[in-house]
Amino acid sequence: MAEKYDPVALDRKWQRRWEDAGAAKVDTADGRDKFYMLNMFPYPSGSRLHVGHGRNYILGDALFRRERMAGRRTLNPMGWDAFGLPAENAAIASGVHPREYTLGNIGRMKEQLKSLGLLYDWSKELASCDPAYYRWNQWLFLRMWERGLAYRKTAPVNWCPGCRTVLANEQVVDGRCERSGDLVQIRDLTQWFFRITDYAERLLAGLEGLDWSDRVKTMQRNWIGRSEGAEVFFPVDGLTEPIAVFTTRPDTLFGATFLALAPEHPAAATLAERSPNRAEIGAFIERVRRESRLERESEGGEKEGVATGGTALNPVTGETIPVWLANFVLPDYGTGAIMGVPAHDQRDFEFARKYGIEIRPVYRMTDGPDADRDIDPEAMTEAAPHGGVLAHSGDWDGTPNGPAAIRRAIEWIEEKGFGKGRVGYRLRDWLISRQRYWGTPIPAIHCPACGVVPVPDSQLPVVLPEDVAFQGAEGNPLEQSEAFVATECPGCGGPARRETDTMDTFVDSSWYYLRFLNPADGTKMVDPERAAKWMPVDQYVGGIEHAILHLLYARFICRVLKDLGLVDIEEPFARLFNQGMITKLNPATGKVEKMSKSRGNTISPDDLIERFGADTVRVYTLFIGPPEKESEWSEDGVMGAWRFLQRVHDLCDRVAAGAPEPSEAPADSPLRRLEHRTIERVTADAARFHFHTAVAALMELQRAISEAAAAGSETPGSLRRATETLLKLLHPVAPHLTDEWWERFGNRFFLIDVAWPDFDPVLATSERVTLVVQVNGKVRGKLDIERGASEADVLALAHADEKVRAWVGDKPIARAVYVQDRLLNIVVR
RNA sequence: GCGAGAGUGGCGGAACUGGCAGACGCGCGGGACUUAGGAUCCCGUGGGGCAACCCGUGAGGGUUCAAAUCCCUCCUCUCGCACCA
């Protein structure tokens with residue numbers, strides 16, 4: 001009597017068994033045959049995971065199980081990116097403490113992960129809000145401070161009014177807060193930074209060897225934004241220090257007809273003061289600074305400026321040029337000041353035309369209708385000049401446009417002491433301080449006598465105080481905790497105040513992958529021996545949204561740790577996979593939308609698991625399409641996965657009754673051939689994460705075995721053998737059902753004693769092949785031939801074929817193209 | 001504007017180095033069975049003819065015995081960057 005497939009019972013049974021057996025536990029002291037598989041650790045939010053999140057974890061779990069079956073010591077840990085604003089906002093709204101809120105979410109999310117049959121080494125679980133974890137953020141911060149890599153400065157920074165905190169540049173998207181969507185303002189504040197710019201060159205160089213998508217690598221490259229050029233000094237009348245500008249086109253220096261400073265530039269205020277136009281200039285500075293980042297940085301935005309009345313000396317021409325303040329000059333790129341070359345830069349041109357500043361071309365055309373005439377700035381379509389030779393440029397005249405001209409200009413100005421060659425980066429230092437409670441306290445103390453001093457290592461961790469009121473709080477709740485704030489100076493022992501800023505949560509996530517190797521170690525942040533054995537992470541899986549933020553910070557911190565002697569690698573993630581989103585068709589609009597809580601179109605795996613079991617959700621999620629692309633969720637599609645698993649179950653049931661042992665079918669058994677071909681296909685597909693085609697191959701194998709069983713064309717033993725292979729190959733995708741049948745077939749469960757099957761390349765290729773016969777490139781016949789047949793034999797067979805003969809007729813054969821075992825193309829005139 | 005990627009049946013998608021376009025699944029059409037279950041099973045399913053055949057991978061051109069795949073031009077969509085000097 002056939003037994004019905006009861007997936008819910010199997011889920012319960014096997015999840016329990018795996019957990020009791022510690023199936024995913026790995027001793028990281030032993031690094032032989034290691035494979036480090038890692039999903040980006042999640043933020044434990046209050047809402048349930050939807051199938052879009054599920055895809056990420058299911059894919060990781062399938063990869064983990066496959067590596068394990070291939071015999072590698074595979075580490076697959078899980079932890080929680082547990083600090084962050086949502087918990088604090090929930091506290092403000094409901095009064096529940098962020099810790100309580102976060103721990104509750106962790107508990108629920110963990111259950112949900114387990115319900116999908118995901119296997120993690122929970123003995124290494126960590127949460128970044130745990131003092132045992134974040135003390136090492138503080139330790140790292142102190143080491144960086146000692147080396148000048150952590151520092152405090154007053155600078156124009158991004159302020160999110162919604163989150164009431166400053167943000168890193170990376171967290172500002174289109175001028176808005178990446179989290180809340182509020183328009184970001186620029187404010188002058190004293191903040192803590194990590195000197196990531198010191199690592200710009202290394203971060204750029206390291207991208208070369210990474211097995212990451214070009215997409216992500218390009219994004220990082222653009223973000224770092226390296227450009228070569230020069231810093232040039234312009235003496236300014238009345239200032240003791242010359243103003244430095246950064247330019248990528250020092251070759252156009254003779255065409256610099258004005259200087260423009262960002263309104264935030266330190267010299268701006270000085271120049272304003274001594275100008276008769278003081279009030280107007282002050283108003284301009286104020287107005288620009290109040291603009292949001294979006295307004296300030298939108299291209300094509302109206303260029304505005306104000307003349308300071310001051311003058312500078314163009315060092316190469318010896319001429320006096322006006323000094324302006326301009327809204328399009330950014331305070332935190334280059335030196336915050338530019339030389340204006342209106343003839344050869346689109347922005348400078350617009351500005352100069354608007355304010356009547358001299359436009360002076362320095363390149364002259366050498367060919368075309370305008371040969372021997374200066375380049376016409378009006379006709380220029382691009383910002384930078386291309387072509388022509390230098391003119392009106394003293395010694396430089398006649399130098400052709402190009403890198404050589406730039407090099408020559410740099411040499412020249414260096415020789416004369418007017419400036420020097422320099423590389424500029426778009427990348428800014430990482431602003432890591434946040435004016436919020438739920439994060440790692442920055443281990444610094446403000447002493448009226450000694451200034452800002454580090455907390456000694458012996459006093460770590462600086463623990464977040466619990467007795468803080470959130471509701472109705474103004475500003476950072478930490479400030480109200482007098483018990484926390486009041487302290488004594490470690491230097492002079494006098495009364496002092498603790499820093500109340502906390503760290504960006506991206507600090508937490510920049511090194512957690514190392515902590516999984518020694519999560520309980522209270523004596524050190526990273527265990528260098530284990531790190532040497534286990535790093536880098538062999539396969540990292542996560543969303544594309546971290547292409548810059550997390551992935552750049554982690555690469556930076558890994559290098560810092562290397563320089564501290566804790567790890568011996570620079571790149572933490574050897575291979576990166578970014579899964580695509582899961583979308584949902586909106587029946588009302590007919591449009592495909594991303595699945596998100598705010599749209600209310602999420603599909604929860606929970607009810608699907610209740611009805612069909614975790615394996616159905618897993619099979620469908622992996623079957624839905626290539627995992628790197630976005631895919632559309634379909635309710636009906638789930639039913640296809642469900643039916644497939646039922647058929648597998650029915651097949652196992654039937655086969656188990658037929659034979660107590662597997663046996664080998666003869667080499668010419670079509671089923672055995674298919675079995676080996678399927679192993680080959682699934683192995684290759686899994687290696688490139690294409691479980692959708694792997695599942696398709698397994699569906700074909702299942703059907704073939706079922707048909708052979710119905711037809712009685714194979715012995716019960718060989719049916720059983722093929723079925724066991726099916727179970728092995730299916731295990732990473734559908735672990736509960738396969739473990740169940742593997743056990744019923746008299747074995748122990750998968751992760752302990754099953755190896756990924758090997759295929760015999762001879763068996764994986766069939767003996768006979770269908771060879772296509774074309775006449776003039778069109779298929780006119782098919783021949784069932786022995787593999788390896790000679791061209792002459794095939795040609796003879798083709799000529800004997802009636803249909804082929806009809807098409808060839810008695811026309812002369814111009815040529816015949818033969819592709820072994822594939823095709824014969826007879827070309828006739 | 002710059003950079004990256006993608007356009008294949010009614011739908012999701014296959015086709016690894018050029019060699020039978022549409023595997024597998026959904027949907028749809030037909031049938032079987034009924035323990036009436038979100039049933040299940042079998043057959044069919046690119047379009048036109050309903051046969052021989054012809055036409056088909058965003059559009060147009062090219063290379064080749066042979067192109068979804070390579071080259072050129074163009075169109076559409078998605079993503080990233082964008083006043084970075």
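Within every chain, numbering begins at 1; the chains are lettered A, B, ... in the order of the sequence lines, protein sequences first and strands thereafter.
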| note | Across every strand shown, the nucleotide meeting Watson-Crick or G-U wobble geometry with B:A15 (both distances under 3.5 Å) is none

| query | Considering only the P atoms, how many Å lie between B:C26 and B:A21, rounded to the nearest integer? | reply | 25 Å

| Are A:Arg422 and A:Phe246 close enough that some pair of their side-chain heavy atoms sits under 4.5 Å apart? | yes

| request: Write down the distance separating the C1' atoms in B:A68 and B:G19, rounded off to the nearest Å. | output: 13 Å

| request: Indicate the atoms forming the closest heavy-atom contact of A:Glu632 with A:Tyr620, along with that distance. | output: O-OH, 3.8 Å

| remark: Assert: residue with more 5' nearest nucleotide on RNA chain B, out of A:Thr218 and A:Ile338, is A:Thr218

| said: Looking at A:Asn401, is its backbone amide N or carbonyl O close enough to the side chain of A:Asp251 to form a donor-acceptor pair, meaning the two atoms are under 3.5 Å apart? | reply: no

| request: Rounded off to whole Å, could you give me the CD-to-P distance for the A:Gln220 and B:G3 pair? | output: 20 Å

| task | List the steps, then state whether side-chain contact (heavy atoms from CB on, under 4.5 Å) holds for A:Trp633 with A:Val638. | result | CA-CA 9 Å; A:Trp633 189 266; A:Val638 177; 3.7 Å; yes

| said: Can a donor-acceptor pair be found, under 3.5 Å and without considering hydrogens, that links the side chain of A:Asn158 to the backbone of A:Ile186? | reply: no

| field | Derivation of the side-chain contact (heavy atoms from CB on, under 4.5 Å) call for A:Leu824 and A:Leu797 | value | CA-CA 11 Å; A:Leu824 175 72; A:Leu797 278 169; over 6 Å; no

| query | Are OP1 or OP2 of B:A85 and a side-chain N or O of A:Arg347 less than 4.0 angstrom apart? | reply | no

| Contact nearer the 5' end of RNA chain B, comparing A:Asp214 with A:Gly336 | A:Asp214

| Would you say A:Lys778 reaches B:C55's phosphate, i.e. side-chain N/O to OP1/OP2 under 4.0 Å? | yes

| remark: What one should report as the nearest heavy-atom pair of A:Ala764 and A:Phe759 is CB-CD1, 4.1 Å

| query | Is it true that A:Arg681 and A:Glu700 make a salt bridge, defined as a side-chain N closer than 4.0 Å to a carboxylate O? | reply | yes

| task | Could you tell me whether A:Val245 contacts a base, only the sugar-phosphate backbone, or nothing, with contacts defined as non-hydrogen atoms closer than 4.0 Å? | result | nothing

| message | Please confirm whether the shortest side-chain N or O distance from A:Thr248 to OP1 or OP2 of B:C84 is below 4.0 Å. | response | no

| task | Provide, to the nearest angstrom, the distance between the CZ atom belonging to A:Arg353 and the P atom belonging to B:C83. | result | 21 Å

| Whole Å only: how far is the CZ atom of A:Arg249 from the P atom of B:C83? | 20 Å

| said: I'd like the C1' distance from B:C84 over to B:U8, given in whole Å. | reply: 42 Å

| note | Partner of B:G27 under the Watson-Crick or G-U wobble criteria, both distances under 3.5 Å, comes out as B:U45

| query | Do you see a donor-acceptor pair shorter than 3.5 Å between the side chains of A:Arg647 and A:Gln702? | reply | yes

| note | To the nearest angstrom, the CZ-P distance between A:Phe351 and B:C83 comes to 17 Å

| B:A14 and B:G22, which share atom name P, separated by this distance in whole Å | 15 Å

| query | Base, sugar-phosphate, or nothing: which does A:Lys217 touch, judged by heavy atoms less than 4.0 Å apart? | reply | nothing

| Taking the same atom, P, in B:A39 and in B:C28, what whole-Å distance lies between them? | 11 Å

| said: Under a 3.5 Å threshold, yes or no: a donor from one side chain and an acceptor from the other, between A:Trp430 and A:Glu170? | reply: no

| remark: Between CZ of A:Arg780 and P of B:C53 the distance, given in whole Å, is 7 Å

Is there any protein nitrogen or oxygen under 3.5 Å from a nitrogen or oxygen in nucleotides 22-29 of chain B, and what are the pairs?
{"unit_1": "B:A23", "atom_1": "O2'", "unit_2": "A:Glu700", "atom_2": "OE2", "d": "3.1"}
{"unit_1": "B:C26", "atom_1": "OP1", "unit_2": "A:Arg643", "atom_2": "NE", "d": "3.1"}
{"unit_1": "B:C26", "atom_1": "OP1", "unit_2": "A:Arg643", "atom_2": "NH2", "d": "2.7"}

| task | Pick the C1' atom in B:G47 and in B:A36, then give their distance to the nearest Å. | result | 39 Å

| said: Return the pairing partner of B:G80 with a 3.5 Å limit on both distances, Watson-Crick or G-U wobble; otherwise return none. | reply: B:C2

| task | Inspect the contact between A:Glu201 and A:Arg226 and indicate whether a charged nitrogen and a carboxylate oxygen are less than 4.0 angstrom apart. | result | yes

| query | For B:A85, does OP1 or OP2 lie under 4.0 Å from any side-chain N or O of A:Arg426? | reply | no

| query | So what does A:Ser213 touch, heavy atoms closer than 4.0 Å: a base, only the sugar-phosphate, or nothing? | reply | nothing

| said: Using Watson-Crick or G-U wobble geometry with both distances under 3.5 Å, which nucleotide pairs with B:C33? | reply: none

| field | Interatomic distance where CG belongs to A:Asn776 and P belongs to B:U64 [whole Å] | value | 16 Å

| request: Syn or anti for B:G48, please, going by whether the chi angle lies within 90° of 0. | output: anti

| query | What integer distance in Å separates A:Leu253:CG from B:A85:P? | reply | 16 Å

| message | Any strand counts, and the cut-off is 3.5 Å on both contacts for Watson-Crick or G-U wobble. Which nucleotide pairs with B:A52? | response | none

| Distance between P atoms of B:U69 and B:C24 (Å, rounded) | 24 Å

| said: Tell me if the side-chain of A:Arg428 makes a donor-acceptor pair with the base of B:C84, cut-off 3.5 Å, by modelled atom types. | reply: yes

| remark: Here the pair of heavy atoms bringing A:Val733 nearest to A:Arg618 is O-NE, 3.0 Å

Are there any protein N/O atoms within less than 3.5 Å of an N/O atom in nucleotides 77-80 of chain B, and if so, which ones and at what distance?
{"unit_1": "B:C79", "atom_1": "O2'", "unit_2": "A:Arg215", "atom_2": "NH2", "d": "2.5"}

| query | A:Val8 and A:Ile609: which non-hydrogen atoms are nearest, and at how many Å? | reply | CG2-O, 3.9 Å

| query | In Watson-Crick or G-U wobble terms, both distances under 3.5 Å, what is the partner of B:U64? | reply | none

| task | Work out which heavy atom in A:Gly777 is nearest to a heavy atom in A:Asn825; give both atom names and the distance. | result | N-OD1, 3.0 Å

Identify all pairs in which a protein N or O lies below 3.5 Å from an N or O of nucleotides 19-21 of chain B, and state each distance.
{"unit_1": "B:C20", "atom_1": "O2", "unit_2": "A:Lys782", "atom_2": "NZ", "d": "2.4"}

| When the P atoms of B:C75 and B:C20 are considered, how many whole Å apart are they? | 32 Å

| query | If only atom types and distance count, is the side chain of A:Arg688 paired as donor or acceptor with the main-chain N or O of A:Ala686 below 3.5 Å? | reply | no

| query | Rounded to the nearest Å, what distance is computed from the OH atom of residue A:Tyr5 to the P atom of nucleotide B:C41? | reply | 14 Å

| request: Would you mind pulling out the nucleotide paired to B:A59, Watson-Crick or G-U wobble, both distances under 3.5 Å? | output: B:U73

